[in-house]
Amino acid sequence: MDGAYTAQTESFMVLFSTLAFLFLLKAQEARSLLLYIRDTLIAGFFMGIAIAFKQTAILSAIALFAFLLGLGDKRSLTYKSTFRDSFLL
């Protein structure tokens with residue numbers, strides 16, 4: 001313990017990484033491409049904030065990327081869509 005005012009950064013890291021996973025799930029249910037892109041960008045933004053709070057959230061970012069690849073629609077899974085999703089995240 002560093003003093004009376006220690007920061008509990010794990011709480012914020014978990015909050016923002018959970019929000020990233022939530023918005024990625026929401027993006028998969030989007031009906032239009034614009035909503036899909038918006039929700040994926042928001043998921044990436046929240047994951048960036050989680051990494052800013054605690055660098056061990058990089059492991060969650062790897063899991064989020066794997067989650068993105070696993071959730072893709074298998075019928076329309078192409079290299080182009082995979083690259084686009086990875087770039088957005």
Side-chain angles (χ1 to χ4, degrees):
M1 193 159 160
D2 290 335
Y5 302 106
T6 58
Q8 298 294 326
T9 56
E10 289 85 5
S11 306
F12 295 109
M13 179 194 73
V14 170
L15 170 71
F16 288 114
S17 62
T18 303
L19 284 172
F21 278 99
L22 176 73
F23 271 93
L24 193 62
L25 280 173
K26 187 178 173 190
Q28 294 300 319
E29 297 175 356
R31 300 207 185 272
S32 70
L33 183 62
L34 182 64
L35 291 175
Y36 176 78
I37 290 172
R38 183 196 69 181
D39 289 341
T40 306
L41 283 173
I42 291 172
F45 178 73
F46 281 139
M47 186 52 69
I49 292 174
I51 292 171
F53 273 108
K54 195 156 178 87
Q55 287 76 24
T56 58
I58 291 174
L59 299 174
S60 296
I62 294 169
L64 186 72
F65 180 70
F67 194 65
L68 174 72
L69 292 178
L71 274 183
D73 188 12
K74 302 300 182 202
R75 291 175 285 128
S76 66
L77 187 63
T78 62
Y79 289 113
K80 183 179 178 182
S81 67
T82 304
F83 179 74
R84 181 196 67 210
D85 296 346
S86 303
F87 181 71
L88 287 175
L89 187 60

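Residues: numbered from 1 along the sequence shown. Note that the structure is predicted; figures quoted are calculated from it, not measured. Hydrogens, waters and symmetry mates are skipped; everything else that's a heavy atom, side chains included, is used.
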- Looking only at non-hydrogen atoms, find the nearest pair between A61 and I51 and report the distance.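 Closest pair (atom of A61, atom of I51, distance): CB-CD1, 4.0 Å.
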
- Query: For the residue pair F46 and F23, what are the closest heavy atoms and their distance?
  - Reply: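 Looks like CE1-CE1, 3.5 Å.
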
First locate atom [atom1] of [X], then atom [atom2] of [Y], and finally report the distance between them rounded to the nearest 0.5 Å.
{"X": "L33", "Y": "R38", "atom1": "CG", "atom2": "CZ", "value": "12.5 Å"}
{"X": "L35", "Y": "T40", "atom1": "CG", "atom2": "OG1", "value": "10.5 Å"}
{"X": "M13", "Y": "I49", "atom1": "CE", "atom2": "CD1", "value": "14.0 Å"}
{"X": "S32", "Y": "I37", "atom1": "OG", "atom2": "CD1", "value": "9.0 Å"}
{"X": "Q28", "Y": "F67", "atom1": "CD", "atom2": "CZ", "value": "8.0 Å"}
{"X": "D39", "Y": "L34", "atom1": "CG", "atom2": "CG", "value": "9.5 Å"}

- Message: Test side-chain contact (heavy atoms from CB on, under 4.5 Å) on L25 and E29; report intermediate values, then the result.
- Response: CA-CA 7 Å; L25 280 173; E29 297 175 356; 6.0 Å; no

Quick one: does [X]'s side chain get under 4.5 Å of [Y]'s, heavy atoms only?
{"X": "Y36", "Y": "R31", "value": "no"}
{"X": "L22", "Y": "K26", "value": "no"}
{"X": "F16", "Y": "L19", "value": "yes"}

- Task: Check whether F45 and F53 end up in the same hydrophobic cluster, where Ile, Leu, Val, Met, Phe, Trp and Tyr are linked by side-chain heavy atoms less than 4.5 Å apart.
- Result: yes

- Pairs where residues 41-54 contributes a residue and the test side chain to side chain donor-acceptor pair (under 3.5 Å) is met, not counting sequence neighbours: E10-K54

- Take atom CZ in F21; do more than 12 heavy atoms of anything else shown fall under 6.0 Å from it? yes

